[in-house]
Every structure is written in C-alpha cells, then in structure tokens.
Amino acid sequence: MVQAAERQAQVVVVGAGLAGLMAARHLRAVGVDVIVLEARDRVGGRTYSIQAHDGTVIDLGGQWIGPSQRRLGALADELGVTTFPTYDTGQNIQYIDGARHTYSGAIPLIDPAVTMAVVQTMLTLNMMAHDVPLDAPWTAPQVAEWDSQTLATWISANVTSRGARELLTIAVRAVFCAEPRDLSLLHFLFYAHSGGSLNELVSVQRGAQERRFHAGAQAIANRMAAALGERVILNAPVRAIQHDDAGVRVFADAVTVVAQATIIALPPVLAGRLRYAPVLPALRDQLTQRMPMGTVYKIHCLYPTPFWRDAGYSGQVTNYTGVISTVFDNSPEAGTSGVLMGFVEGDEARAWSVRDPAERRAAVLRELAEYFGDQAAQPTEYIEQFWAGEEYTRGCYGGYMPPGVWTAFGAALRAPIGCLFWAGTETATVWNGYMDGALQSGARAANEVLAVLGSAGA
Ligand SMILES: Cc1cc2nc3c(=O)[nH]c(=O)nc-3n(C[C@H](O)[C@H](O)[C@H](O)COP(=O)(O)OP(=O)(O)OC[C@H]3O[C@@H](n4cnc5c(N)ncnc54)[C@H](O)[C@@H]3O)c2cc1C
C-alpha cells in the first residue's frame, strides 16, 4: 500500500474551480500559507476551454460575461484575459407552436398578445424577485407561499397565454437546465434578483450573454492557478475530512493536508459526497441531499465560415419543442471559422442521455439544417460536452433549490461549521450560479477564514 504524503498549511482549499482559486488568491494576498486540492488533472471546474482541430477556442462550460458581473470583469482585466461582444446582428429565429418566425431584438414581437403577456409576466416576476433578500431568501415576507410551490404551478395559475408560457419555459431551461416544475418559485425569484433582473439573465446586450473571452473562460482559472504555482495540487480528489477545534486533516488520493481551516469550494451535492468525521450537523448534511444540479449537453458544430451571417441570421434560435432549444453563434471574433453552439436542456437532455450518441448527433444536425439550411448538417467537427456525466461536476449549470429547501435548510448553505467554510457559486448572493458568483463566494469564504485566523480582512 502506498503511504499518502502529508503536507502542512494554514488553510486547505478543496476544489480549484473559480471559487476555490479566488479563495486561495485572497489568502495568498495577505501571506496565508494555502494549499488547493483539485480532483481533476486541470483547474477551472465548470470552465473548460479546448481547441478544436482548426485551433478555434471552444468553451465547453461557462463562457459569457455580462456588464454587471463586475468581479469577473475586474479579475479578467487584472489577468489580461480580454473579451469581445457576442455576435448579435441579424435576424433571430423562433418557433412558436411549431411555426418558424424571425425577429430582431431581445423580445420577439411576432404576436402582440404574446409579447404583452411576456412583458407583463416578466414585470410581475421582477417585482416579486426584488422582495427576496439575497443573503436570506427564507426571510422573504411571502416565503410560505413562494417556497411551497414550483415555478410551474405559479405559471399555470398566472400566465394564460400559451405562447408566453412556452417562452418562459424556454428561458427557464436556458437559465437553469431544469424544468419549471423542478424549481421552487422562491428559488427562481432569488436567482433573478441575484443576477439583477430576469431581463439581465436572458439578454445578450446589457445582459449575462453580452461578451465572451478571446482565450476562453478557463484562462481566468489557469492564470490564477499559475500565480499560485505548486500550491495547487492536481489529481488529488478529496475523499474525507477530519475536523475538530484544533483544525482539519483533509485526505485526498496520495496526499493528506493538515491545516487550521478548510474552504470547501464544491457544489453542495459534491460536498455531500465527502466523508466527514465527526459527521456534519443534520441540517447541513440534509441540505446537500436537496440541491440537485441541472442537466445539459453543450454542443458545438464547426464550419469553415459563419455562413448563416451572409443570409442575415444572428445564429440565435429558440425552439420550445426542439432537441436544442437555444442556439447561439459561437464563432471567434474575427469570424475565421463558423461555430454554432446549441444547448440540450432539462427533460430533453435527460431523455437523450439514455439514447445512442449517433442518434443524438443526427437529431441535432437535422435541426440545425432546418434552422440554417443543408450546410448546417455538414460540420467539419462536432463537439459535445455532457456535464451530468462528469464525476467531479455531476450536472450544470449549477445546483438549484426545489420547494421547501430555502425555508428549512437555507441557513446551512454558508454557515461555517467549526473550521469548515463553504464556497462555490451556489453559495453566492450576487450572480448565484455564474462565474461572477463563484468569485464572490471564494472571496467571502477567505474573509471568513481570515477573521478566524486573526488576520486583517482581504
Ligand atoms: C455548460 C455551462 C455553461 C455555463 N455558462 C456560463 C456562462 O456563460 N456564464 C457564467 O458566468 N457561468 C456559466 N456557467 C456556470 C459557471 O461555469 C459556474 O458557475 C462556475 O464555473 C462555478 O465555479 P465554482 O468554483 O463554484 O465550481 P466548479 O467550477 O464546479 O469548481 C469545483 C471544483 O472542485 C473540483 N472537485 C470536485 N470534487 C472534488 C473533490 N472531491 N476533491 C477535490 N476537488 C474536487 C472540481 O473538479 C472543480 O474543479 C456555465 C456552466 C456550464 C457547465
């Protein structure tokens, strides 16, 4: 049997996603001795950028940055990771009741009654969202009503227009990779407030999809990790954590780290798969049993040119009954190659996960051809990423709350337990679920640890 090496540090961070790396960066900035343990052979977690055969940068995970994601913007500037605008010129395509329509702008003006209903519904939901306190959603005045129902229940009781219901469902799938029936209404409202408003969540211009990174989003994690150097240990999945008043002993494959505190920068569902001794308080443990991850395939099709632009299309599609319910133009800024990116989300992704990959690919290409012509069925490369099949992620974009979870378990989401501290985008108050939220959570957890270690705040 190989004896695991033992290392000492003041703080050990579990997970080298954006949250864990940000926590370590903050701690290093004030001279704290920190080690980061990462399960994979790479950093970045849910950001993962690769090169296609022709050299085009492809983001298999998180990719967009919006104007109010200021932490992410500031860090990208500091690290020299540059951005460019998402291609958003030309006609968008939308299917309503199976019929194809084209439009420009953020909200389709195809059927004035549907548009009115969508605008009215978004206004109502935004007003409700602003009543949800971001640091304690379970204290919202209407918590009993809002956390006892799903978003689907609310939609069926409050939105009569079928077109508006379909559009709202597409938006929910695109934002959560889950179905309206999966989500607590309270969680949906919290999430919208956390990102500013529903409009910001779903928009390209002035919204969460406004810009992309030239080098791919993972460059941010890579550069933070480079600055941390050998303090980041790859291929080190953490299995167990012993903790008491004196500190922690964190057991990863081939290395054990002894430290005064640990920041666990994992989605709650993965934090719940570690073995803790002593066992965690029931509220925290049961929270980790109740925050499922969404289900999504992110699919890229590459072409020699973005040919749809010549036909006047933006590359953006929404289709309620589609295999890929949303499509974007993910070509490089210079348009040196053409890239269509589509998401298979929620129920559709769940259903396709048990079917033959070749059948799935054929269905996706058939749909792209229907949207943009036969050329779209002949990509030079087809790249598919299924996050629910990833051992160290288990689904995406993030963990969400079904009904009742915020109310009964919400207080356990961030509360430290002795020398255990919690980070990860799921614990963020601002841009929860996004890269920006991951950074906020890492900085917050680092400050909590510093307060305990007796150092000045970062
Ligand atoms: C397809 C997709 C599209 C997205 N699009 C966007 C977008 O456009 N804009 C945006 O802002 N956000 C987007 N997101 C969300 C964004 O990527 C995440 O919110 C963010 O990257 C989460 O960072 P994190 O550090 O909290 O978690 P993670 O990135 O999940 O980091 C956790 C880390 O812990 C590691 N780990 C897991 N288990 C263990 C263990 N036992 N021991 C040690 N290490 C472990 C993992 O390998 C990982 O590196 C998207 C995500 C996906 C998947």
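One is the number of the first residue; the rest follow in order along the sequence. Excluded from the calculations below are hydrogen atoms, water molecules and symmetry mates; all remaining heavy atoms, backbone and side chain alike, are included. One-based numbering, in listed order, for ligands and for the atoms of each.
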Can you work out which protein residues put a heavy atom within less than 4.0 Å of ligand 1?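 Lining ligand 1: Val14, Gly15, Ala16, Gly17, Leu18, Ala19, Leu37, Glu38, Ala39, Arg40, Gly44, Gly45, Arg46, Thr47, Leu60, Gly61, Gly62, Gln63, Trp64, Ala236, Pro237, Val238, Ala265, Leu266, Leu270, Leu274, Lys298, Trp387, Tyr392, Cys396, Tyr397, Gly424, Thr425, Gly433, Tyr434, Met435, Ala438.
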
Non-neighbouring partners of Arg290 that pass side chain to side chain donor-acceptor pair (under 3.5 Å), sequence neighbours left out: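 Side chain to side chain donor-acceptor pair (under 3.5 Å) check on Arg290 returns nothing, list empty.
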
Electrostatic pair Arg173-Asp347, nearest N-O below 4.0 angstrom: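 So Arg173 does not pair with Asp347 through a salt bridge.
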
Distance-only donor-acceptor check, side chains Asp436 and Gln440, under 3.5 Å: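 Distance-only check fails for Asp436 and Gln440.
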
Strictly by ring-ring contact (aromatic ring centres under 6.0 Å, His included), give each pair with a member in residues 316-366 just once, sequence neighbours left out.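 For residues 316-366: Trp64-Phe328, Phe343-Tyr397.
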
For Glu384, all residues meeting salt bridge (Lys or Arg N to Asp or Glu O under 4.0 Å), sequence neighbours excluded: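 Glu384 satisfies salt bridge (Lys or Arg N to Asp or Glu O under 4.0 Å) with Arg360 only.
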
Ring centres under 6.0 Å, that's the criterion: do Tyr191 and Phe176 meet it?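 Under 6.0 Å, so yes.
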
